[in-house]
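The figures that follow rest on heavy atoms only: side chains count, while hydrogens, waters and symmetry mates do not.
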Amino acid sequence: MNKFFKAAVSAVSAAALVISGMPAGLGAPVLSTQAVDTNNDDWLHAEGSRLYDMNGNEVWLTGANWFGLNCSERCPHYLWSADCDDLLREVADRGINVIRFPVSTEVLYEWQNGLDGPVSGGGLQAAYNPPTDQVGEDGSVTKAGTYGSINKEFVEADGQTHVTSEKAFDIILAKCKKYGIKAFIDVHSPHADNSGHVYNLWYGKEMNDHPEITVTTDMWIDTLTWVADKYKNDDTVLGFDLKNEPHGKGQEGDAAAKWDGSTDENNWAYAATKCAESILSVNPHALIMVEGVEQSLSGAQAGDYWGIADRRDNSPYIGAWWGGNFRGARDNPIVPKQGTSQIVYSPHDYGPSVYNQTWFDKDFNEQTLLDDYWYETWAYINKEEIGPELIGEWGGHMDGAENQKWMTLLRDYMIKHHINHTFWCLNTNSGDTGGLWAGFSYNLNDASDTSNGTTITWEEDKYALMEEALWQTLDSGKYIGLDHQIPLGINGTGLSLNEFYSSYASTEGSNLDGGTKANGQPVTTDADQPVTTTTAKTPVTTTTTAPDTDVIWGDANDDGTVSVADPTLIMQAAANPNVYKVTNAKAADVTGGSDGVTSADALVIQQYLAAPEDIKLPVD
């Protein structure tokens, strides 16, 4: 979140590699608090400016932020007032299909090294009192939870000792899965601090609770890679926002994040590419959200360089919101060695209630915002099909005036241009924006199968403004989730992705693309259903197996060429072997060995498609 303002053409193409379901056979141990993922078929990939599922059905991520794990409490805020199950059930019932969870590198480091302790009482109210049924001397029974049943999964067997922050997050993810909500993890700051977002960079800051440890670039990459590996078999976590709002003014030099073609440590483009490659090496299916920086060089005068002092006139720098500036991506896009199929550019954008920027100093409208700021700063990426975008933060106060006008204009632009987004925020305690939740009341003695006792009050006018940009069917207004099997919510207002593409996409469409009808292909695990191995706009055909003496290495579907369809088929077959079959196993087994065709073969083929001059098939 931008607490403070730090003031002041050639289209890029790259191989769009298709990545889909993770093989079930890789099965990492599942924590007792974590829902078992029986399908693992919800991974997404990018083509052009849009996101698709494993069968080429277009999807739209429309969600909200829930912060607190990044703060000193190490737990999403307001679990000190409300039951998590109640909160997430209402979030799903109101159509929010993805949550961005801010964390810190410090918290991930604690998880990775077993250093986190129980969540403090200040960050979490949790109890199950008594923890078991109690039988009195007269034979009367006091049922478990009679005197306290809030966030009962967040306490140990004694009914009162809080779980660790890592285990708490696993519990939250299991509840997200239960209600059809997806998630992604955002590294909000190096250190665990409620104002940690103010720090410019992803490295160079001492941890708050471990001040003897300074977060380095390698540590930031290592912790993100570790958590990506932890959740690689759970498609509840669709991806990772590498760093919240890298920023700093150009004249700060090495202390500010820049975007250029160098290998300098403060070059955000270089660091993000390295981090993306590391994450994709352990989970090639994860989406990688890359934010922008604050300032870029303007080219105002020959000889200007990053670090030069600012000038009152003819400034060498062009400013933007923290995390909002992608001008450097025209010449230096994010292209990891695995290809660009998982890269999502993620600007942040705010209105005048956060800071009265120069582009608000007029009777602004969509066109003036595009001309004065949006287009060259971030919107060109979507418009020119360079990559998909997700506005990771937008929101603000409902002032009935300029800020509300800006929110409405951005909302409508995102709907018209299929831009993904997560609203800032659910919490009520964001000082310069407020939240979607207005307040809570809790009755410890009022528990039922569908509610643990929390009454949630929403900022209904703000929700109504944001709600129009939630993915929903055009006529019936049913909210569309991102899980193929689990509907979004439980009150009947939400659909699973399969339900949408089976029954609604071709009849009424959705508010994506103005109701354009689509003939989608549901993802199924039913062996009686026909096998489909299509990707977006890329049909796959199958023929007989080529002779071993004339192998086209990587041609898993045996259509005579190596394309994005081949790694897709391998991953589909691994995830759903009863439905999908690799046609030419000999050609698909590019890594050799005795393990047959695996996800490792799909990854090598993807790398080959991205850089055929560097990868020779088969490999040793």
Side-chain angles (χ1 to χ4, degrees), residues 9-17 45-51 186-187 200-202 239-250 256-277 279-280 287-299 304 306 316-349 369-394 413-414 417-421 610:
V9 176
S10 60
V12 178
S13 64
L17 308 184
H45 67 274
E47 295 185 28
S49 65
R50 306 198 179 203
L51 293 172
D186 149 56
V187 174
N200 287 3
L201 302 170
W202 52 97
F240 303 89
D241 186 337
L242 302 185
K243 171 64 178 77
N244 178 71
E245 298 177 355
H247 62 277
K249 294 183 175 68
K258 62 178 181 176
W259 191 309
D260 60 25
S262 72
T263 59
D264 297 337
E265 189 171 19
N266 66 320
N267 175 21
W268 173 234
Y270 176 65
T273 302
K274 287 201 307 178
C275 190
E277 289 176 345
I279 290 173
L280 293 174
L287 293 179
I288 306 295
M289 270 63 75
V290 181
E291 299 189 29
V293 292
E294 178 186 353
Q295 291 193 338
S296 58
L297 283 169
S298 66
D304 283 349
W306 190 259
Y317 304 111
I318 301 174
W321 293 111
W322 292 358
N325 193 330
F326 288 87
R327 288 174 178 264
R330 274 202 178 277
D331 295 326
N332 297 286
I334 305 299
V335 185
K337 63 185 179 183
Q338 293 92 343
T340 59
S341 69
Q342 303 309 113
I343 299 301
V344 178
Y345 294 90
S346 187
H348 290 186
D349 206 85
L369 289 170
L370 283 166
D371 293 343
D372 296 345
Y373 180 69
W374 284 354
Y375 192 81
E376 292 299 335
T377 306
W378 58 262
Y380 75 92
I381 293 174
N382 171 272
K383 183 68 172 178
E384 298 175 21
E385 295 286 324
I386 293 168
E389 290 190 293
L390 182 146
I391 306 295
E393 292 184 16
W394 68 289
Y413 186 82
M414 292 189 298
H417 296 276
H418 56 81
I419 295 174
N420 308 279
H421 61 91

Exactly one candidate in Ile381, Val293, Ile386, Ile334 meets side chain to side chain contact (heavy atoms under 4.5 Å, CB included) with Phe326; the answer is Ile381

Do the side chains of [Y] and [X] get nearer than 4.5 Å, heavy atoms only?
X: Leu390; Y: Leu287; answer: no
X: Trp268; Y: Val290; answer: yes
X: Leu370; Y: Tyr413; answer: yes
X: Tyr317; Y: Lys249; answer: no

Under the salt bridge (charged side-chain N to carboxylate O under 4.0 Å, His left out) rule, collect the residues that match up with [X], sequence neighbours excluded.
X: Asp371; value: none
X: Glu389; value: none
X: Lys258; value: Asp260, Asp264

Are any side-chain N or O atoms of [X] and backbone N or O atoms of [Y], one a donor and one an acceptor, separated by less than 3.5 Å?
X: Trp202; Y: Ala272; value: no
X: Asn266; Y: Leu201; value: no
X: Asn382; Y: His417; value: yes
X: Glu277; Y: Lys337; value: yes
X: Gln295; Y: Gly248; value: no

Verify the distance criterion only: is there a donor paired with an acceptor across the side chains of Ser346 and Glu291 at less than 3.5 Å?
-> no

Quick one: closest heavy-atom pair of [X] and [Y], and the distance?
X: Arg327; Y: Ile318; answer: NE-CG2, 3.5 Å
X: Pro336; Y: Leu280; answer: CG-CD1, 4.2 Å
X: Gly292; Y: Pro246; answer: O-CD, 3.3 Å
X: Asn332; Y: Trp259; answer: O-NE1, 2.8 Å
X: Leu242; Y: Cys275; answer: CD2-SG, 3.9 Å

What is the distance from atom [atom1] of [X] to atom [atom2] of [Y], rounded to the nearest 0.5 Å?
X: Asn244; Y: Asp186; atom1: CG; atom2: CG; value: 5.0 Å
X: Asp349; Y: Thr377; atom1: CG; atom2: OG1; value: 8.5 Å
X: Ile391; Y: Ile419; atom1: CD1; atom2: CD1; value: 5.5 Å
X: Glu245; Y: Trp322; atom1: CD; atom2: CH2; value: 7.0 Å
X: Gln342; Y: Ile279; atom1: CD; atom2: CD1; value: 11.5 Å
X: Arg330; Y: Ser296; atom1: CZ; atom2: OG; value: 12.0 Å

Is the Tyr373 to Trp378 ring centre distance short of 6.0 Å?
-> no

In sequence, state the C-alpha distance, the side-chain angles, and the governing distance for Trp321 and Glu393, and then conclude on side chain to side chain contact (heavy atoms under 4.5 Å, CB included).
-> CA-CA 11 Å; Trp321 293 111; Glu393 292 184 16; over 6 Å; no

